[in-house]
Asks: 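Sharing a structure with you now.
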Amino acid sequence: KGDMLFCLAPYCKNEEYKNYFKNQSKYKIIDNGIIEKQIIPLHDMVQYAFEIKADEMIIPDVLGEYDITKNQRYKFLKKYYKEFKKRGIKLMSVIQGKNLEQYQKNFNELNKDNRIDVIGLPYRMNFLSDIGTYTDIYRMMSRYIFVKYVNSKYNKHKPIHLLGSNSIKEMLMLSKLHNVRSCDSKIISR
């Protein structure tokens, strides 16, 4: 219902699903489906991005793994960056890490890399102390604190996309902060 569409590459194996995105004029972001645990070969994902004429693709990442995500990003950019640039497809990279220092380091790297257009913040940011069973509040506050931090540290930074949310309150809070461009969430469809 919004002004952006979020396509999960693994589901593009289904022609009806793929054709739905292919025939849409809204802004299209394609993701690798790591949360859905349906990873497909990178070459297939890239092909689907081209077939549906995606406006933006999320470079594959590994949840909580700063070094692995960084290595995957370098390999991806080395192999595919020129083709994406030629086709006018923007690239989003998601910060990953095990602690606040790794998230900060990753954000700084992505903000400096001219090949990256958008910085994604994962739904599962883990740097606050455990607050028990209040998982959604924990995740919401982690991202809120992180965005407030980067807005205070950088005079200018790239747009931020929030990957997933289970809280309308989080979306409202973060939408008021500088440079939070968008959020993909199933919450509205519930």
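Residues take their numbers from the sequence shown, with the count starting at 1.
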Asks: Are any side-chain N or O atoms of Thr69 and backbone N or O atoms of Tyr66, one a donor and one an acceptor, separated by less than 3.5 Å?
Replies: no

Asks: Got Gln102 and Asn99 here, is their nearest side-chain heavy-atom distance under 4.5 Å?
Replies: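 Yes, their side chains come closer than 4.5 Å.
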
Asks: Going from OH on Tyr103 to CG on Leu121, what distance comes out if it is rounded to the nearest 0.5 angstrom?
Replies: 9.5 Å

Asks: Which value, rounded to the nearest 0.5 Å, describes the distance between Glu65 atom CD and Asn71 atom CG?
Replies: 11.0 Å

Asks: Among Asp61, Val94, Ile29, which residue satisfies the side-chain contact (heavy atoms from CB on, under 4.5 Å) criterion with Leu163?
Replies: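 Single side-chain contact (heavy atoms from CB on, under 4.5 Å) partner of Leu163 among Asp61, Val94, Ile29: Val94.
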
Asks: To the nearest 0.5 Å, how far apart are NE2 in His157 and NZ in Lys112?
Replies: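 The NZ atom of Lys112 is 15.0 Å from NE2 of His157, to the nearest 0.5 Å.
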
Asks: A side-chain contact here means heavy atoms from C-beta on lying under 4.5 Å apart; do Asp117 and Glu56 qualify?
Replies: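 The answer is no; the side chains never approach within 4.5 Å.
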
Asks: Could you tabulate the donor-acceptor pairs under 3.5 Å formed by side-chain atoms of residues 16-24, not counting sequence neighbours?
Replies:
unit_1 : atom_1 : unit_2 : atom_2 : d
Tyr17  : OH     : Leu8   : N      : 2.9
Lys18  : NZ     : Glu15  : OE2    : 3.1
Lys18  : NZ     : Glu51  : OE1    : 2.6
Asn19  : ND2    : Glu15  : O      : 3.1
Asn23  : ND2    : Asn19  : O      : 2.8

Asks: What's the spacing between Met57 CE and Ile59 CD1 if we round to 0.5 Å?
Replies: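 Nearest 0.5 Å value for the CE-CD1 distance: 7.0 Å.
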
Asks: Lys86: what forms a side-chain hydrogen bond (donor to acceptor under 3.5 Å, both in side chains) with it, not counting sequence neighbours?
Replies: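 Testing Lys86 for side-chain hydrogen bond (donor to acceptor under 3.5 Å, both in side chains), a comparison that skips the adjacent residues, returns Glu83.
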
Asks: Hey, what do you get for CE (Met45) to SG (Cys7), rounding to the nearest 0.5 Å?
Replies: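 The distance works out to 8.5 Å.
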
Asks: I'd like to know whether the aromatic ring centres of Tyr80 and Phe50 sit less than 6.0 Å apart in this structure.
Replies: no

Asks: Can any side-chain N or O of Asn106 pair as donor or acceptor with the backbone N or O of Gln96 at less than 3.5 Å?
Replies: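 Present.
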
Asks: Please check: side-chain N/O of Arg73 versus main-chain N/O of Ser93, any donor-acceptor pairing under 3.5 Å?
Replies: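 No.
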
Asks: Using side chain to side chain contact (heavy atoms under 4.5 Å, CB included), reason through Phe146 and Leu100 one step at a time and then give a plain yes or no.
Replies: CA-CA 8 Å; Phe146 189 80; Leu100 182 57; 3.9 Å; yes

Asks: For a 4.5 angstrom cut-off between non-hydrogen side-chain atoms, does Ile89 reach Ile30?
Replies: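 Sidechains of Ile30 and Ile89: no contact.
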
Asks: Closer than 3.5 angstrom, by distance alone: can the side chain of Lys158 be matched with the main-chain N or O of Leu110 as a donor-acceptor pair?
Replies: yes

Asks: How long is the straight-line distance from CD1 of Ile119 back to CG of Asn111, given to the nearest 0.5 Å?
Replies: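 Answer for the CG-CD1 pair, Asn111 versus Ile119, is 4.5 Å.
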
Asks: Counting distance only, does the side-chain N/O of Lys98 pair as donor-acceptor with the main-chain N or O of Gly64 below 3.5 Å?
Replies: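 Looks like yes, one N/O pair under 3.5 Å.
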
Asks: So do the side chains of Lys13 and Ile40 get within less than 4.5 Å of each other, counting heavy atoms only?
Replies: yes

Asks: Residues two or more places apart in sequence or in another chain: which of them pass salt bridge (charged side-chain N to carboxylate O under 4.0 Å, His left out) with Asp113?
Replies: Arg115

Asks: For the residue pair Leu91 and Phe76, establish whether any side-chain heavy-atom pair is separated by less than 4.5 Å.
Replies: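 When only atoms from C-beta onward are counted, Phe76 and Leu91 do touch, with a gap below 4.5 Å.
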
Asks: If you define the side chain from C-beta out and look only at heavy atoms, does anything of Ile58 sit under 4.5 Å from Phe6?
Replies: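 In contact.
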
Asks: Name the one of Asp67, Val62, Leu42, Leu77 that satisfies side-chain contact (heavy atoms from CB on, under 4.5 Å) with Gln72?
Replies: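 Running side-chain contact (heavy atoms from CB on, under 4.5 Å) over Asp67, Val62, Leu42, Leu77 with Gln72 returns exactly one hit, Val62.
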
Asks: Does the side chain of Val150 come within less than 4.5 Å of Ile160's, by heavy atoms?
Replies: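 SC-SC contact between Ile160 and Val150 confirmed.
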
Asks: Are any of the side-chain heavy atoms of Lys153 and Asn108 separated by less than 4.5 Å?
Replies: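 No. Closest side-chain heavy atoms not under 4.5 Å.
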
Asks: Taking Ile116 as the starting point, is it possible to reach Tyr154 by hopping between hydrophobic residues whose side chains are less than 4.5 Å apart?
Replies: yes

